[in-house]
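Note on naming: letters A, B, ... go to the chains in the order of the sequence lines (proteins, then strands), and numbering restarts at 1 for each one.
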There are 2 protein chains.
Amino acid sequence: MARTQGSHSDITGPKVRDTALRLFAQHGYAAVSMRQIAREVGVQVGALYNYTPDKQALLFSLLKGHMDELLSTWEAEPRPDGPRDRLEAFVRFHIRFNLDRPQAIFISYMELRNLAPENFAVIEAQRKVYEGALEAILRDGQSEGVFSVPDTRLASYALIAMLTGVNTWYRAGGRLSIEEVADIYWDMVRKSVSAD
Amino acid sequence: MARTQGSHSDITGPKVRDTALRLFAQHGYAAVSMRQIAREVGVQVGALYNYTPDKQALLFSLLKGHMDELLSTWEAEPRPDGPRDRLEAFVRFHIRFNLDRPQAIFISYMELRNLAPENFAVIEAQRKVYEGALEAILRDGQSEGVFSVPDTRLASYALIAMLTGVNTWYRAGGRLSIEEVADIYWDMVRKSVSAD
DNA sequence: GTCTATACTGGGATAGAC
DNA sequence: GTCTATCCCAGTATAGAC
């Protein structure tokens, strides 16, 4: 049946989020106006406020949705036995997950400072949970004698930064597939913690 | 002798740059207004335009000055013999240089997209020169058999990201000195390329 | 749910007096 | 070199008709 003319909440809603994500990633939250989002969605500015109370809530919703997905996807991953295989699983998961959603990753790193303090606290706590998973793997491996890491905290920071950096240069259709990239990074990570 | 009242170009000029650097790093280029800069400098808005033709030129000037300093300081560093020692020198230089000027480093990574295209091209070219220095070291070490790196290009990206990541967590007065941090990172870097 | 119209605030930049 | 005043445009957000 035909809908009431002008009623498109199931189309416009996602479109607002997709457009905002794309524009925030491209130009930055502060540089993107609600007018611009509306224009690219194909509605008038006022209509946006049916989908978000304000611009800040839109940013927070995008980041929160992304972090929720990151944590739940990671927790649903198979959990191999032993720190060595778990580290490899983390490396491959992180690269794959990040390269699959470059825009969300980008704003998750770039737009943290544009979150209101209470929103920032929520995202920051989720980030710590995720990074804590890596540090736990390193700690286990260290105490089991499978890894040799001078400082597990620093090592987790170093490895996260290294892995996340893939997004700054990787372009789909380049000379390497995601799997090949993951192989190369895993080789460096493995050696850096003296595994195997 | 007393200067003409209200004439402070030698004080105000640097103050404008310092203030802009600090505010851009803290809130982001797009989120900072010329009015805000003027307020914190202690002048009226109109006075700012004695020191920069516009806001964009102010950002570019900060980034350009930073990149110039990076390249000239690196080129003035002692250049040890052999890829292994040159890599160590690069690692320690990068960490020290970056931790010494966190704000400039921060905007150099975050505000690239807010540069006008012609300005972006200039900064990007300088960045490639710097990163090329690391890749050259890796290539030399690989061909001399001192390193084992599956892909020197990727390895240079990976290492740069890892080293630059120090700035996201390091705080002066924390439990580790800059030298201790550099020791730990050098240990991981060295192992990741199978040196020694 | 979307539109048009508008309130209100703040943006970058300039002119001209001192 | 700085100030005051101002131009012009854009921002977020809301009200009320359809």
Compare side-chain N and O positions of B/Thr12 against OP1 and OP2 of D/dG1 and report whether any pair is under 4.0 Å apart.
-> no
Please report, rounded to the nearest Å, how far the P atom of C/dG11 is from the NZ atom of B/Lys55.
-> 9 Å
Quickly work out the B/Asn50 CG to D/dC3 P distance and round it to whole Å.
-> 10 Å
B/Ile37 CD1 to C/dG10 C1', straight-line distance once rounded to whole Å = 15 Å
Ignoring backbone atoms, test whether B/Ser33 places a side-chain nitrogen or oxygen under 4.0 Å from the OP1 or OP2 oxygen of C/dG11.
-> yes
Tell me, which of residues 16-29 of chain B have any heavy atom that sits under 4.0 Å from an atom in DNA chain C?
-> none
Should the pair B/Glu135-B/Arg153 be classified as a salt bridge under the 4.0 Å nitrogen-to-oxygen rule?
-> yes
Round to a whole Å and report the spacing from CG of A/Leu58 to C1' of D/dA13.
-> 14 Å
Quick one: is the NZ or CZ of B/Arg101 closer than 6.0 Å to the six-membered ring centre of B/Phe97, and within 45° of its axis?
-> yes
May I ask you to evaluate whether A/Gln44 reaches the phosphate of C/dT2, defined as a side-chain N or O under 4.0 Å from OP1 or OP2?
-> no
Thinking salt bridges, do B/Asp100 and B/Arg96 make one under a 4.0 Å N-O criterion?
-> no
In whole angstroms, the gap separating C1' of D/dT4 from CG of B/Leu48 amounts to 15 Å
Between A/Ala31 and A/Pro53, just flag the one whose closest nucleotide in DNA chain D comes earlier from the 5' side.
-> A/Ala31
Within this structure, what is the CG-to-C1' distance between B/Asp54 and C/dT14, rounded to whole angstrom?
-> 13 Å
Aromatic contact, B/Tyr157 with A/Tyr185 (centres under 6.0 Å) | no
Identify which one of B/Tyr130, B/Trp74, B/Trp186 satisfies the ring pair (Phe, Tyr, Trp, His ring centres under 6.0 Å) criterion when paired with B/His94.
-> B/Tyr130
Is it true that A/Lys128 and A/Glu131 make a salt bridge, defined as a side-chain N closer than 4.0 Å to a carboxylate O?
-> no
Give a yes or no on whether a salt bridge exists between B/Lys191 and B/Asp187, defined as a side-chain N under 4.0 angstrom from a carboxylate O.
-> yes
Any B/Tyr51 side-chain nitrogen or oxygen under 4.0 Å from OP1 or OP2 of D/dT2 | yes
Contacts under 3.5 Å, N or O only, protein and nucleotides 5-9 of chain C:
none

Using a cut-off of 4.0 Å on non-hydrogen atoms, how would the nucleic acid contact of B/Val41 be classed: base, sugar-phosphate, or nothing?
-> nothing
Centre of B/Tyr29's six-membered ring, under 6.0 Å away, within 45 degrees of the axis: is that where NZ or CZ of B/Arg113 sits?
-> no
When the distance from CD of B/Gln36 to P of C/dG10 is rounded to whole Å, what number comes out?
-> 12 Å
Backbone N/O of A/Val32 and side chain of A/Lys55: donor-acceptor pair under 3.5 Å = yes
Rounded off to whole Å, could you give me the CE-to-C1' distance for the A/Met34 and D/dT14 pair?
-> 12 Å
